[in-house]
Amino acid sequence: MPSFLLKTEPSEFSFQDLVKKKRATWDGVTNAAALIHLRSIAKGDTIYIYHTGDEKAVVGVARALGGAFEDPKRPGKTPEGKPKFAVVDVAPVGPVATPVTLAAIKGDPRFAELGLVKQSRLSVMPVPGAMEKVLREMAGLGG
DNA sequence: GCCAACGTTGGC
DNA sequence: GCCAACGTTGGC
């Protein structure tokens, strides 16, 4: 099953906020490359939440409640007929046992091809299966 | 359609 | 607070 990493600035919307709210619509993504990845999120996909700013670490796990859909606040289609500004509903699964810091990710060559490392400004990116396994180990998550 | 100028993000 | 990387805008 595919998994993804979503970045957020915790002072605006943190993983803890998601836990409190029980579910949230992940919106506000405007970057074209990030939107391409966002649109590929499907129901049940695992989502890793990364905090930028002072924390710079993967702090929690969430799940997509459905597939990406058109942002009702910003309707519009791409020339291909896809939602221009896609959003996705997510629910928290739980915090990681051990936050996985950006420094740790950058220091591990197995993450060299991860979007977080290659393009620091990308806010939505796929996490390939092999990397997800490493990430889960570092985060102290089972399976 | 090119590209310089400007704005934004996010790590340092 | 600075600046590199990248995206967007607007003049031509």
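Within every chain, numbering begins at 1; the chains are lettered A, B, ... in the order of the sequence lines, protein sequences first and strands thereafter.
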**Report entry** Pairs meeting criterion side chain to side chain donor-acceptor pair (under 3.5 Å) with involvement of residues 92-109 of chain A, two or more places apart
**Finding:** Asp108(A)-Arg110(A)
Below 3.5 Å between N/O atoms, which protein atoms pair up with nucleotides 9-12 of chain B? Just atom names and distances, please.
from: dG11(B); atom 1: OP1; to: Tyr50(A); atom 2: OH; distance (Å): 3.2
from: dC12(B); atom 1: OP1; to: Lys106(A); atom 2: NZ; distance (Å): 3.2

Sequence-distant partners of [X], side-chain hydrogen bond (donor to acceptor under 3.5 Å, both in side chains), two or more places apart:
| X | answer |
| --- | --- |
| Glu80(A) | Thr78(A) |
| His51(A) | Glu55(A) |
| Asn31(A) | none |
| Ser120(A) | none |

**Report entry** Residues which pass side chain to side chain contact (heavy atoms under 4.5 Å, CB included) with Asp71(A), listed by chain and number, not counting sequence neighbours
**Finding:** Asp27(A), Lys73(A), Arg74(A), Phe85(A), Val87(A)
Query raised in the report: Who are the side chain to side chain contact (heavy atoms under 4.5 Å, CB included) partners of Glu137(A), not counting sequence neighbours?
Result: Lys133(A)
Query raised in the report: Is the backbone of Leu122(A) close enough, under 3.5 Å, to the side chain of Lys7(A) for a donor and an acceptor to pair up by distance?
Result: yes
Are any protein N/O atoms closer than 3.5 Å to N/O atoms in nucleotides 3-5 of chain B? If there are, list each pair with its distance.
none

Query - Residues from residues 30-40 of chain A lying under 4.0 Å of DNA chain B - heavy atoms - result: none
Query - salt bridge (Lys or Arg N to Asp or Glu O under 4.0 Å) involving Lys43(A) - partner list, sequence neighbours excluded - result: none
Could you pull out every donor-acceptor pair under 3.5 Å between side chains of residues 60-70 of chain A and any protein atom, sequence neighbours left out?
from: Arg63(A); atom 1: NH1; to: Gly44(A); atom 2: O; distance (Å): 2.9
from: Arg63(A); atom 1: NH1; to: Thr46(A); atom 2: OG1; distance (Å): 3.2
from: Glu70(A); atom 1: OE1; to: Lys77(A); atom 2: NZ; distance (Å): 3.0
from: Glu70(A); atom 1: OE2; to: Gly76(A); atom 2: N; distance (Å): 3.4

